Amino acid sequence: MADPGGGAVYNGTPHNQSAADCHGGNCWKNGVVKESQQNGNSNFYRPIVESFEEAPLHVMVFTYLGYGIGTLFGYLRDFLRNSGIEKCNAAVEREEQKDFVPLYQNFENFYIRNIYMRIRDNWNRPICSAPGAVFDVMERVTDDYNWTFRFTGRIIKDVINMGSYNFLGLAAKYDESMRTVKEVIETYGLGVGSTRQEMGTLDKHKELEDLVAKFLNVEAAMVFGMGFATNSMNIPALVGKGCLILSDELNHASLVLGARLSGATIRIFKHNNVQSLEKLLRDAVIYGQPRTRRAWRKILILVEGIYSMEGSIVHLPDIVALKKKYKAYLYMDEAHSIGSVGPTGRGVVEFFGLDPRDIDVYMGTFTKSFGAAGGYIAGRKDLVDYLRTHSHSAAYGTSMSPPVAEQIIRVMKLIMGLDGSTEGLQRVQQLAKNTRYFRQRLSKMGFIVYGNEESPVVPLLLYMPAKVAAFARHLLNRKIGVVVVGFPATPLAEARARFCVSAAHTQEMLDTVLEALDEMGDLLNVKYSRNRKSARPELYDEMSFELED
């Protein structure tokens, strides 16, 4: 993706690197390393090319104006409901409980009652097939303005799937390659019925953990039955009171919950901003804990590989450099990046050509590229051994289902080429090809598209809530399934459609989607791109500074 000014964007700042900037073989500019290390050998530097373009002023004005008018009409309708003039379909306390303290504050539901309900039909659409490149959607209609729905009995067949995290196209209906999964079901059954610490550890779990460690090139790994719980239940086992967590402001809810449950002090740094992170690290080292000024027991940096709402890739070389400089620990969530980026699908460490030992805690899920469920924690053997006894998920969470474990083993062997074929590598390469093609075409059409040019998560900015609803409805009529996202999952004025590109998408499918998007962009007037600078310069434009090696 081209920078608005015509050059590549390195950490959000266009610049050219000269030989004079290099010292001792490692070159730094704006906190970006020019030569990385992998397994102790010099490798390559991959520039960070990202785009976060601002919307024209009139678009933002009309967006806020739309929310303002919606809020005013919301208060009016609440008044009519309370007066009995308009029927209230929202959940209310029972009459016999009117003297009780309310279970929740009425205003907490204001947005849902008056704005979300108008466009609610765009979410929670049931599908009735495997989430492959195409899927089938159950048709539903509403008779009371989206308060309730009823199914018509009609199935919308062969809808192009642009919303599932099926990056490698491996979440598909049964074929002969899944024969081993079928055999595992016949041998082990569907469930385990116990935790890992009791009677829920199978030989399949051990086989999978060894394979994950080999895939990531680390000492050991541990798998869990739920991806969300992998974060929320393991972070509290690693840090606690007296520790400091430095979290990217756009981290996933599972990371946020895990940080809060830990009891550690949490401080937020601006998204992918090295200067913001370094300031927090420097202050943490200099001033220590509040009041006592004692040194922090641990400092843990929480980041993601690919940010699922922004489509951006973590600036890992910069963060690794800061981690080493200030002797902190790095916890990286690769839920969206494992299997989807890197020459062989091994995630952002391979993407940047770094040494796997630079990451203290690897976390990832099997729910995206692997077409399965669950998550993993990987790294040094002593870290994994510690979690086997201290993780709440290991002590209280049911073990991963045997057929799910076998599905992951099958897919991971496919990606690694251990099945004797090159199909896995071909899928990784096809995903990268589809991603670049789709992103470049959208940018040329004039849409504002966020994120890294290599990210298969593609946010297309729509801004106005009415256009969000119309966008999804019209595309479904064209048999294209998309995910639209708005507040509170995004900032209030940055509603968007989020496309997930898959290796299973053919050129014809992508062209069909792009043709429909081109027409929809003209119909709804959402081609806002003017190749202008970021709306959030404090996040993406950093002053030049050099880090110590």
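Treat the numbers as computed from the prediction; the structure is a model and nothing was measured. Residue numbers count from 1 along this sequence.
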Are side-chain heavy atoms of [X] and [Y] found at a separation under 4.5 Å?
| X | Y | answer |
| --- | --- | --- |
| V314 | V348 | yes |
| K214 | M412 | no |
| S247 | L255 | no |
| F167 | V457 | yes |
| V218 | Y362 | yes |
| K279 | K270 | no |
| L316 | M332 | yes |
| F224 | M233 | no |

Got a sec: does the [atom1] of [X] have more than 12 other heavy atoms crowding it under 6.0 Å?
| X | atom1 | value |
| --- | --- | --- |
| R260 | CZ | no |
| Y64 | OH | no |
| R282 | CZ | yes |

What residues form a salt bridge (charged side-chain N to carboxylate O under 4.0 Å, His left out) with [X], not counting sequence neighbours?
| X | value |
| --- | --- |
| K381 | D385 |
| K298 | none |
| K206 | D210 |

Minimal heavy-atom distance between G311 and P459, with the atoms involved, is N-CG, 3.9 Å
R427 side-chain N/O to A503 backbone N/O, donor-acceptor pair under 3.5 Å:
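No, the answer is negative, given that no donor and acceptor are paired below the 3.5 Å cut-off.
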Answer yes or no: is there a donor N or O on one side and an acceptor on the other, between the side chain of E304 and the main chain of H252, under 3.5 Å?
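Such a contact is found between E304 side chain and H252 backbone.
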Pick from R196, R388, E209: which one makes a side chain to side chain donor-acceptor pair (under 3.5 Å) with T201?
R196
Residues 363-384 vs ring pair (Phe, Tyr, Trp, His ring centres under 6.0 Å), sequence neighbours excluded, gives F366-F370, F366-Y376
Please tell me whether [X] and [Y] have a donor and an acceptor in their side chains that are separated by less than 3.5 angstrom.
| X | Y | value |
| --- | --- | --- |
| H271 | S312 | yes |
| T265 | Q289 | no |
| Y307 | N272 | no |

So, using ring-ring contact (aromatic ring centres under 6.0 Å, His included) as the criterion, who are the partners of [X] when residues are at least two apart?
| X | value |
| --- | --- |
| Y463 | Y528 |
| F215 | none |
| F487 | Y111 |
| F269 | none |

I'd like to check the side-chain contact (heavy atoms from CB on, under 4.5 Å) partners of P402; sequence neighbours left out, ordered by chain and number.
V184, Y188, V192, L202
V483: side-chain contact (heavy atoms from CB on, under 4.5 Å) partners, not counting sequence neighbours:
V485, R498
Does anything in residues 219-237 pair up under side chain to side chain donor-acceptor pair (under 3.5 Å), and if so which pairs, sequence neighbours excluded?
N231-S254, N231-Y331, N231-D333, N234-S391
Stepwise salt bridge (Lys or Arg N to Asp or Glu O under 4.0 Å) check, E334 with K368
CA-CA 10 Å; E334 288 214 84; K368 280 79 176 177; over 6 Å; no
Do the charged groups of K323 and D358 touch, with an N to O distance under 4.0 Å?
no
Is there a side-chain contact (heavy atoms from CB on, under 4.5 Å) between S529 and E53? Walk through the geometry before answering.
CA-CA 7 Å; S529 178; E53 184 182 342; 2.9 Å; yes
Which side-chain N or O atoms in residues 338-345 pair as donor and acceptor under 3.5 Å with protein atoms at least two apart or in another chain?
residue: S340; atom: OG; partner: H336; partner atom: O; Å: 2.6
residue: S340; atom: OG; partner: S337; partner atom: O; Å: 3.2
residue: T344; atom: OG1; partner: R346; partner atom: NH1; Å: 2.8
residue: T344; atom: OG1; partner: E350; partner atom: OE1; Å: 3.1
residue: T344; atom: OG1; partner: E350; partner atom: OE2; Å: 2.4

